[in-house]
Amino acid sequence: MGLMEGELEIIRAEVEAVLEKYDLDREKLIPILQGVQVKLGYLPKEAMRQIAEALKVPEVDVYGVGTFYNQFRMNPPGKHQFKVCMGTACHMTGGRIIMESFERRLSISEGETTPDREFSLERVACVGCCALAPVVVVDETVEAKVRPTRVDGILLGFGLERAAPEKTAPDEGIDQGEEGREQ
Amino acid sequence: MSDSALVVEQNYEQLKNLALQKHGEIKEKPYVLVGTATCGRAAGALGVLDTFRNEIDNRQLDVNIIEVGCMGHCYAEPMVIIYKPGFPPLCYGSVDEGKAARLVTDFLIEDDPCFEFAMAALEPNDLFPTFGDYPRGVYEQKVILADCGLIDPENIDDYLACGGYGALAKALAMKPEEVIAEIKDAQLRGRGGAGFPTGIKWETCHDTPGPLKYVICNADEGDPGAFMDRALLESNPHQVLEGLVISACAVGASQGYLYVRAEYPLAITRLHTALEQARAKGLLGESILGSSFSFDIEIFKGSGAFVCGEETALIASIEGHAGIPTHRPPFPAVSGLRGKPTLIDNVKTLSYIPHIVQKGADWFKSIGTPNSPGTAVFALAGKVVGTGLVEVPMGTTLRTLIYDVGDGIKDGKTFKAVQIGGPSGGCLPESALDISIDFDSLREAGAMMGSGGIVVLNEDDCMVEVARFFLEFVQNESCGKCTFCRLGTKQMLDILTDITKGHGRPGDIELLLDLAEDIKTGSLCGLGKTAPNPVLTTINFFRHEYEAHINEGRCPALMCKDLITFHISAEKCSKLCDACVGSCPVEAVYTRPDMLKAIHLDKCVKCDNCLTTCRTLYDAVIKKSPPAAEEGVS
C-alpha cells in the first residue's frame, strides 16, 4: 500500500519521538517497534529503516524481528479493527464461520484492510475468553457468543447496511483505536 | 531473631495492620463487587458496573463499588457479589442492567436479597446455599484461585489484609537455602506444562555463582484454549509478584521481568498498578521491608509468538531478537538472559510459592498425588455446561472434572472427546475419562498437562478437523529453525487439509504416523516435539473418522464444510415460516411454489445460520454427508 501525501513526514516525526524515549540499544528493539506501532498502527518500511539506522543494526534484523512476531503489522490497519478469535474453543464453536461472514461482508480476506482503510480484519490466536466462544474483538471491545447474524449487527453499528456493502459514515463513539491499541 | 529479621517483621506488621484497619472500615457498610476481568467485560460487566454506579449515585446511597477479578464461573458472567451487614455475602450470576437496578432498589435500599437471581452465598448461613453445596464446590479445592474475584486487584491493601506478603516477610527472615529446601520438599512441579521440579531449578540457579542473576515470570500464555494465567494476573496480581520476589530472594537475583502477552492489555494495566503500589509500600525496590535485599521488576510485553513460551525463546525475545529456541544445556538457570543465571517460572508456579512458604511443604503434599502434589488449575471450555476456571486436587478424574465440576455436556448432546493440553496435548475418548489427572498419567495416555486448557468436544465435532486445527496452529507458530518442524508440520497439515476436503488418499494415515515420528525425533524444542500429539491421539482413538473421510468422502460429525450439504426437511418445515429465508446472508434459501423452503446449493456458503435459526422453531434444516443433490433438482 502506497503512502499518502504527507505521511512520510508523520512517520519520521513519530518514530523520532518513540526513539527518544528509549536507550538506543538492540535490546530495546521490540519495545521500540511496539511503540511505533501504537503510534502509527503498523510498521512502515521507512520506519524500520529509520530504527535500524538509529540502533546501528542491519535493516534485515529489524525486518526479521518485525515479521517474526504476530503482533506487528506491515500494512496500515483500518480505522476499525475486527479481530476474530481462532483459539480452540472459538474454532470448535464456529469461529471460522464468523471469519467467513466478515470476509464476505467486507469483501476482504483475513489479514487485509478495506481499500478505504476503514476496516481491517485479523485473526488472533486466543484472547482468553474461551468460555464465551466464539468471540470477536471489535476495536477494544470483546463481543461474546457471536453468530453470523451478530456480524451483520456489528457492521450495522458502523453504518454498514446489509444490502449495500459500500460504507457510509462510520459510527462515532466506538472508536478507541488510536489510544488503547497496544496489541 | 537477628536485628534485620526483626526489622522486616515490624515493617510487615505495620503494613498489614494499616491494611486491616482500612479493610475493617470498608466492611462496616454495604459494598458491591463487580467482576471486571476480560471475560466479565466480554459478557457486559462494564455496563452492569455503570448501572450500579448511576443507581447508587442517583439515590445517594453510602455503598462502595469495587471492581474485582474473575471467580472462575465464566458461564455465569457478569458476576456480582453484594455484602450488606446483616445478610450473608451473596453472589449473583448473569447480571444485566435490569437485574443490577433491581438489586439496588430491592436489596441495597429495601431488605429483599433477590434470591431469585442469587447463585450462592459465600459463607454458610440459614438463608441460602453456599458454593460448597454444589458439586462444583465439593470437588474444587482452591489454593491459588482462592482470592480471585473476592479481592480488589488494584488495591494492595486488600491483598495485605488477607495475609498477603506475609510469606515474603517470612522468606526474608530465612536463609535462601532454607526457602529452596522447603520448595524442594514440597515437590512443586512447574505448572507451565512440562512439570519439571521447581525446587531443583531454583537450586541450580542458586548454586551457579555470579554477581548478577535474573528471575522471569513467564506469562506468555499462548496456548489457544487456556486463560488461567490471564485470570490470575487480572484477579490477584500481587500473589504472582510475591512469588516472584521470593524466588529472587532465594536464588539471589536483583532484577526480575514479567513477560506478558500483549494480547492481555488489562492484565498489563493491573500489573503496572500492582508494581507501583508494591514499590510505594517498600515491598519492591531498595532494601525490601528494611532488609538487605533489593530487587525490582520490569514488565516486558510479548509480541505474540507461541514459541516464546519456551524459555530460551523467551530470553531471545527479551534480548530483542526473534524468539528462536536455542540448545539446552546450558539451561537458563546456569546461563540465560544476557548470559547470566536466570530463573524462569510460570505464573501458576509462582502463585503457589507464597502458600508453600506460609503453610509448609507438608501441607502442600497433603493435597494431590504423591508424584504430583498440590492442585491443578484448568480452563474448562467447549461443549460443557459449567465453563470457566476450576482448581481441583491433582488426581481428580476427567469424569469428575467434566460431569461434576463442569456439570456435564451442553444441550443434552453426547460426549465425544476431551482435548487437554492444547497444541501439545491430545484428544482422549470416553474410555480415558477415568484417568486420574496428573503430569505422568496424562503423558502415558498420549496427552499432556500443558498449561491446563480443557476443551470438551461432543458428537458435532470432527476429530480430523480438530487435529487439522492444532496442526495449523503449530505450523503457523513454528519458528522455522528445525527442518522437521518447519517442513514436516507443513506436509502433515497439507495431508490433513486434503482429508477434510474429501481429497484424502489410501495410505495417508500411515504417512501421517511416519511424519509424526520424524518430527518428534528431529525437533529441538517442546513445540516441535509435541506438535504431532493431537494427530497421533486422534488417529489412535478415532481412526474410523479418518477412514470415513478418506474412503467414503463422509464427515461423520457433519462438520467439514466440503463434505456436507444443507437441506430442508419437507416433513418438518412449517411452510408458512420465513425465518430461514431471512437468516440467510446470501439469499440461498428460497420458497418453492408449494411454500416449502429449499436451499440453492450452489449459492449456499454453509454458514449454519438457517440451521441455528430453525433449530428452536421446527428443527427442519438438516446437514447431509457425503454431499447430496438438491431436492427436486436433477
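Proteins get letters first, then strands, A, B, ... in listed order; numbering begins at 1 in each. All values below come from the heavy atoms of this structure, side chains included, with hydrogens, waters and symmetry mates left out.
- Heavy-atom pairs under 4.5 Å with chain A peak, among B:Phe473, B:Phe300, B:Phe306, at B:Phe300.
- Going from atom CE of A:Met86 over to atom CZ of B:Phe469 covers 8.5 Å, rounded to the nearest 0.5 Å.
- Remark: A:Arg147 CZ to B:Asp608 CG distance equals 5.5 Å, nearest 0.5 Å.
- Interface residues of residues 48-69 of chain A toward chain B, defined by a heavy-atom distance below 4.5 Å and sorted by number: A:Val65, A:Phe68, A:Tyr69.
- Distance alone, capped at 3.5 Å, places no donor-acceptor pair between the A:Glu100 side chain and the B:Cys607 backbone.
- Here A:Gln71 contributes atom CD and B:Glu263 contributes atom CD; the two are 7.0 Å apart, rounded to the nearest 0.5 Å.
- Atoms CG and CD1, on B:Asn609 and A:Ile97 in that order, are 8.5 Å from each other to the nearest 0.5 Å.
- Interface check for chain A: of the options B:Asp460, B:Thr612, B:Leu389, B:Val455, the most heavy-atom pairs under 4.5 Å are formed by B:Thr612.
- Interface remark: A:Arg123 contributes side-chain atoms only to the contact with chain B (heavy atom separation under 4.5 Å).
- Minimum interatomic distance between B:His321 and A:Ile30 (heavy atoms only, all atoms of both residues): O-CD1, 3.9 Å.
- The choice from A:Leu29, A:Leu132, A:Ile98, A:Ile32 that makes the most heavy-atom pairs within less than 4.5 Å of chain B is A:Leu132.
- For B:Val307, the part lying near chain A is the side chain, with the backbone staying farther off; criterion is any non-hydrogen pair under 4.5 Å.
- The candidate with the highest count of non-hydrogen atom pairs below 4.5 Å against chain A, out of B:Met559, B:Glu77, B:Arg338, is B:Arg338.
- Taking B:Met228, B:Glu221, B:Gln419, B:Lys561 one by one and counting their heavy-atom pairs under 4.5 Å with chain A, the maximum is reached by B:Lys561.
- Contact count against chain A (heavy-atom pairs under 4.5 Å) is highest for B:Ala322 among B:Ala322, B:Cys74, B:Ala231, B:Ala381.
- Note: A:Arg96 CZ to B:Lys606 NZ = 14.5 Å, rounded to the nearest 0.5 Å.
- Closest approach of A:His91 and B:Glu465 over heavy atoms only: NE2-OE2, 2.8 Å.
- Neither the backbone nor the side chain of B:Cys70 comes within less than 4.5 Å of any heavy atom in chain A.
- Note on A:Ala133, A:Cys90, A:Pro31, A:Pro148: by heavy-atom pairs under 4.5 Å with chain B, the leading option is A:Pro148.
- Counting only heavy atoms from C-beta outward, the side chains of A:Val142 and B:Arg41 never approach each other to under 4.5 Å.
- Interface residues of residues 14-25 of chain A toward chain B, defined by a heavy-atom distance below 4.5 Å: none.
- Atoms SG and CE, from B:Cys462 and A:Met92 in turn, are 7.5 Å apart once rounded to the nearest 0.5 Å.
- Proximity of B:Ser303 to A:Gln34: side-chain heavy atoms (C-beta onward) are separated by under 4.5 Å at one or more points.
- Ranked by non-hydrogen atom pairs under 4.5 Å with chain A, the options B:Gly422, B:Gly480, B:Gly453, B:Ser317 are led by B:Ser317.
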